[in-house]
Amino acid sequence: MRTPRSRAGRREWAGLAVLALPVLMLSINNSALHLVLPTLSADLAATGPQLLWIVDVHGFTTAALLITMGSLGDRIGHRRLLLTGTAVFGAATLLAAFAPNAEVLILTRALSGAAGATLMPTSLALLRMMFQAPEQRAAAISWWVTGFITGNVLGPVAGGLLMELAGWRSVFLLGVPVLALLLVTGPFLLPEQRDRSSGRPDFTSSLLSAAAVVLFVYGLKELSTGAQRLVPALAILGGLVVGYAFVRRQRRSPQPMLDLSLLRDRAFTAPLLAVTLMVFTTAGTTLLLAQHLQGVLGLPPLQAAIWLLPSTVAGIALTATSSMFTRRFRPTVLLTAGLAIAAVGAGLLAVADGPTAPALLVLGMIVLRIGAVPVMTAGTSAIIDAAPAERAGSATAFKETCGELGIALGVTVLGSVGTAVYRGALGDAVPSAVGSEAAEAARGGIGAAVELAARLPRAEGLELLDRAREAWTEALHVSTAIGAALLVGAAFLVWRAAPRKVAETSR
């Protein structure tokens, strides 16, 4: 039996490459999807709310089931759950590639999200077990995060190339080779880990946690459309009430699915807050910027991906060497500096306009990615190190749940803000003679507006195109300014709340 600080060997490092595959696969899937949204929305006649559901139903479904899947992995084995989830994820991806309409695509994305809930917590739990020496674990986490950023590079570029050659449906097949490699190598390189002392499955807690997320998200999305107020408000209220019931059940349970006592430790909550707000801002900004590059600057998908390439390459380079920084600087310093740098990047996006806009957009994304790296690497290490070994499962569930909610809420909140600003700025620019369905789609996003402008008479089409581009630019500025303000606030809170505790726990 291995001692708590026994050092990993060749098999563990080879297994790390396997554990990076599900992260790589999820990153490719999400980053490529952002790029094809304008074409996808026009082809499927998706409305603005449907586009948001297509993008983030995956993240919300994952977040709703992460706690349940983390507990399930403890009972049946994390390797077994990882491989099963991989197979289901592959099947859902294939179904998404052949979806005939927006509704079916949303359903397949929800299924892939349910499968995705098995991938992140199992890979991180196995990583913790395989790399028990703190300095090796910090290096392993850096490479694990590198897999995510690498997917951000491969996804848009490969997706853009496939878009040019075979259309948007082929983009959903990008992760299939990664899935196959994971299923073949996983049984040989990954150890099995399970907690045989785990209690019986708590189905009530599973239902409460999932219902709380679904109700809250549904209400938030419907409220953003402006079509009605009462039902969305009731859904949000219902989500909060169910969430409170879940929290009460966890506090009273002798074997809770989620150990809420971890939240009393500032060494745990400070990096958790930093990671959540970072992914919130990055996810929402990437969604809006990918559509801006194509709809406003008029770039085809492949060129838009190339414009995003410098930022992700910079992120990979910094992540690969981040373990050096984690050894020299306290986690609080890295978290605060990363949040502040990322805020500068978001601020550059918020002022990008006129002839200098393309340069500022590229520079802003580079700075944003550079700031995100120390937050994600140091934050993940601090979260894992702050929890005792017997509560590692709860710590991982917290981190992944907040991370997925951060991504999904970033897309929803910043995306909804952007859509609302865009709709208001567009005003009555859509000609009255246009059909109601096409007009509503054009008011919901820049991609549909560009598609509609191309079908209109030249004068009307140019007027609509100009107004839509101005409106989307304003939407990008407002949303990224909000993101920058949140990052500044998070940097202040992390610095004030956790300088000593995080530093002491991480060493």
Side-chain angles (χ1 to χ4, degrees), residues 26-44 46 48 50-56 58-59 109 148-149 151-164 168 171-172 174 279-313 315 345-346 348-350 352 357-358 360-366 368-369 372 407-408 410-419 421-422 444-451 468-469 471-480 483:
L26 291 172
S27 180
I28 288 175
N29 186 273
N30 289 328
S31 61
L33 179 64
H34 288 168
L35 192 68
V36 305
L37 274 183
T39 305
L40 180 153
S41 64
D43 190 24
L44 298 182
Q50 284 178 329
L51 278 180
L52 291 178
W53 274 114
I54 289 170
V55 172
D56 59 21
H58 177 280
R109 290 279 294 165
F148 183 83
I149 300 178
N152 282 334
V153 175
L154 296 178
V157 174
L161 183 60
L162 284 176
M163 277 279 295
E164 298 285 345
W168 65 266
V171 174
F172 284 97
L174 269 174
V279 297
F280 173 96
T281 302
T282 304
T285 299
T286 303
L287 168 68
L288 294 167
L289 185 59
Q291 296 181 73
H292 185 89
L293 292 174
Q294 296 177 73
V296 177
L297 300 187
L299 300 175
L302 183 57
Q303 290 186 29
I306 293 174
W307 277 56
L308 293 173
L309 196 58
S311 64
T312 46
V313 170
L348 290 174
L349 297 176
L360 285 176
L361 291 174
V362 173
L363 179 61
M365 281 303 297
I366 291 175
L368 181 61
R369 292 287 185 187
I407 293 172
V411 170
T412 295
V413 175
L414 295 185
S416 296
V417 169
T419 300
V421 173
Y422 168 78
I446 183 67
V450 171
E451 180 72 17
R469 285 175 171 172
W472 192 262
T473 300
E474 182 178 347
L476 178 68
H477 289 170
V478 172
S479 299
T480 50

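Along the sequence shown, the residues carry numbers beginning at 1. Not measured: the values here are computed from a predicted model. Computation of the quantities below employed the complete heavy-atom set of this structure, encompassing side-chain atoms and omitting hydrogens, waters and symmetry-equivalent molecules.
Among residues two or more places apart in sequence or in another chain, the side-chain contact (heavy atoms from CB on, under 4.5 Å) test is passed with Ala468 by Tyr422, Leu426, Ile446, Ala449. With sequence neighbours excluded, no residue forms a ring pair (Phe, Tyr, Trp, His ring centres under 6.0 Å) with Phe280. Judged as a side-chain contact (heavy atoms from CB on, under 4.5 Å), and not counting sequence neighbours, the contacts of Leu299 are Leu293, Leu297, Gln303, Ala304, Trp307. In this view, Ser311 and Met365, Ile366, Arg369 satisfy the side-chain contact (heavy atoms from CB on, under 4.5 Å) rule, not counting sequence neighbours.
Without hydrogens or angle criteria, Arg109 side chain to Ile54 main chain gives a donor-acceptor distance under 3.5 Å. Here the side chain of Thr480 pairs a donor or acceptor atom with the backbone of His477 at under 3.5 angstrom.
Here OG1 of Thr282 is found 4.5 Å from CG of Leu368. Values are rounded to the nearest 0.5 Å.
In this structure, the side chains of Leu349 and Leu360 stay at 4.5 Å or more apart for every pair of heavy atoms. Annotation: side chain of Leu361 is in contact with side chain of Leu476 (closest heavy-atom distance under 4.5 Å).
When all heavy atoms are compared, the tightest approach of Val417 to Ser479 is CG1-OG, 3.9 Å.
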